[in-house]
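Below is one structure; the comments refer to it alone.
Please read these numbers as outputs of a predicted model, since none were measured by experiment. Atom set for the values below is all heavy atoms of this structure, side chains included, hydrogens, waters and symmetry mates excluded.
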Amino acid sequence: MLMRSFTKREKIVMLVLAIALLIGFYFLAIHYPVKTRLEEIELEKADVDEQTMLANAMLANYNKMKNELEEIFSEQDENITVMPEYDNKQTLIYYFNNVFADTAPNLQFSQAQINGNIASRTISFNFTADSFESARDILELLTGTGFRCSMDNITISPTEGDIAHNELRVSGSIVFYELVK
């Protein structure tokens, strides 16, 4: 039978081959699969971090809108404004006729500027008021329509003399916002 003993050289070669096989087996069976899985986990972690960051941004935006809505709904009913449907020009003209019933205003309606589903209409005005209180009351009525608006470029100056005892020239512009459907 074949029971011969190996030479020292053969034993060293077989030991080196066994070690090489063990190292190869380690790399193929353990090192590369673990390394590949760790890289996959890093990619998944980056994806989860990105989704978390996006969810946090959406949560912050949601909380901001929720706080704004709570602030709006906590207002008294007379302070809440609405955005009427486009074209609201005739309603505004009717309202302005009531506001300026005692004065002869100069009103200039601009064309509505449509941006997405919001239309903005600028109305320039100038009128003469008997007193500062009268001018203030008219300006409060202009912004108190219940419609979403923004007052711009207000100028109040006396027709002559000082502001406390003379008629006042009031001019400015107001932007009304309308919802385009």
Side-chain angles (χ1 to χ4, degrees), residues 39-159 162-164 166-181:
E39 289 172 353
E40 290 173 356
I41 290 172
E42 278 297 317
L43 290 174
E44 289 173 6
K45 181 181 178 267
D47 188 40
V48 168
D49 288 344
E50 185 178 315
Q51 289 177 356
T52 302
M53 194 167 60
L54 179 63
N56 285 338
M58 290 172 60
L59 176 66
N61 191 30
Y62 170 78
N63 286 334
K64 178 184 168 202
M65 291 189 300
K66 182 179 174 186
N67 290 338
E68 288 175 357
L69 282 174
E70 287 173 357
E71 184 179 318
I72 289 171
F73 289 131
S74 70
E75 292 280 333
Q76 297 175 354
D77 287 343
E78 62 268 4
N79 293 338
I80 295 178
T81 60
V82 296
M83 194 177 303
E85 287 188 29
Y86 178 78
D87 184 13
N88 194 38
K89 186 176 180 180
Q90 295 302 323
T91 306
L92 290 175
I93 290 172
Y94 177 76
Y95 184 79
F96 287 155
N97 284 337
N98 291 333
V99 169
F100 293 113
D102 298 335
T103 61
N106 180 11
L107 298 175
Q108 296 175 352
F109 287 78
S110 71
Q111 285 290 86
Q113 303 294 319
I114 299 175
N115 186 7
N117 62 345
I118 304 294
S120 59
R121 181 185 314 278
T122 303
I123 302 168
S124 299
F125 59 87
N126 58 48
F127 62 92
T128 302
D130 296 335
S131 65
F132 182 77
E133 288 76 23
S134 173
R136 186 187 67 216
D137 292 342
I138 291 173
L139 291 175
E140 284 178 359
L141 287 173
L142 283 177
T143 57
T145 61
F147 299 134
R148 186 76 36 101
C149 63
S150 171
M151 183 83 70
D152 295 328
N153 306 324
I154 302 295
T155 304
I156 300 175
S157 59
T159 54
D162 64 353
I163 199 167
N166 293 306
E167 285 187 333
L168 302 173
R169 281 189 299 267
V170 181
S171 63
S173 61
I174 186 168
V175 180
F176 283 92
Y177 300 96
E178 301 168 4
L179 185 62
V180 179
K181 291 192 177 186

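- Nearest approach of Ile118 to Val180, heavy atoms of both residues: C-CG2, 4.3 Å.
- Closest of all the heavy-atom pairs between Leu139 and Met151 is O-CE, 3.9 Å.
- Heavy-atom minimum distance, Leu141 versus Tyr95: O-OH, 2.7 Å.
- Atom CG of Asn115 is surrounded by 12 or fewer heavy atoms from other residues, nucleotides or ligands within 6.0 Å.
- Residues Gly116 and Ile114 approach most closely at O-CG2, 3.7 Å, considering heavy atoms.
- The neighbour count for Glu50 CD, taken as heavy atoms of other residues, nucleotides or ligands under 6.0 Å away, does not exceed 12.
- When all heavy atoms are compared, the tightest approach of Leu168 to Pro158 is CD2-CA, 3.8 Å.
- Going from atom CD1 of Ile154 over to atom CD1 of Ile174 covers 7.5 Å, rounded to the nearest 0.5 Å.
- Between Tyr62 and Asn67, the closest side-chain pair of non-hydrogen atoms is not below 4.5 Å.
- For Gln111, the CD atom counts as loosely surrounded, since its 6.0 Å shell holds 12 or fewer non-hydrogen atoms of other residues, nucleotides or ligands.
- If you take OH on Tyr177 and OG on Ser120, they are separated by 6.0 Å, rounding to the nearest 0.5 Å.
- In this structure, CG in Asp152 is found 7.5 Å from OG1 in Thr122, a value given to the nearest 0.5 Å.
- Residue Glu71 qualifies as open at atom CD: its count of foreign heavy atoms under 6.0 Å is 12 or below.
- Phe109 and Ile123 get closest at one heavy-atom pair: CE2-CD1, 3.3 Å.
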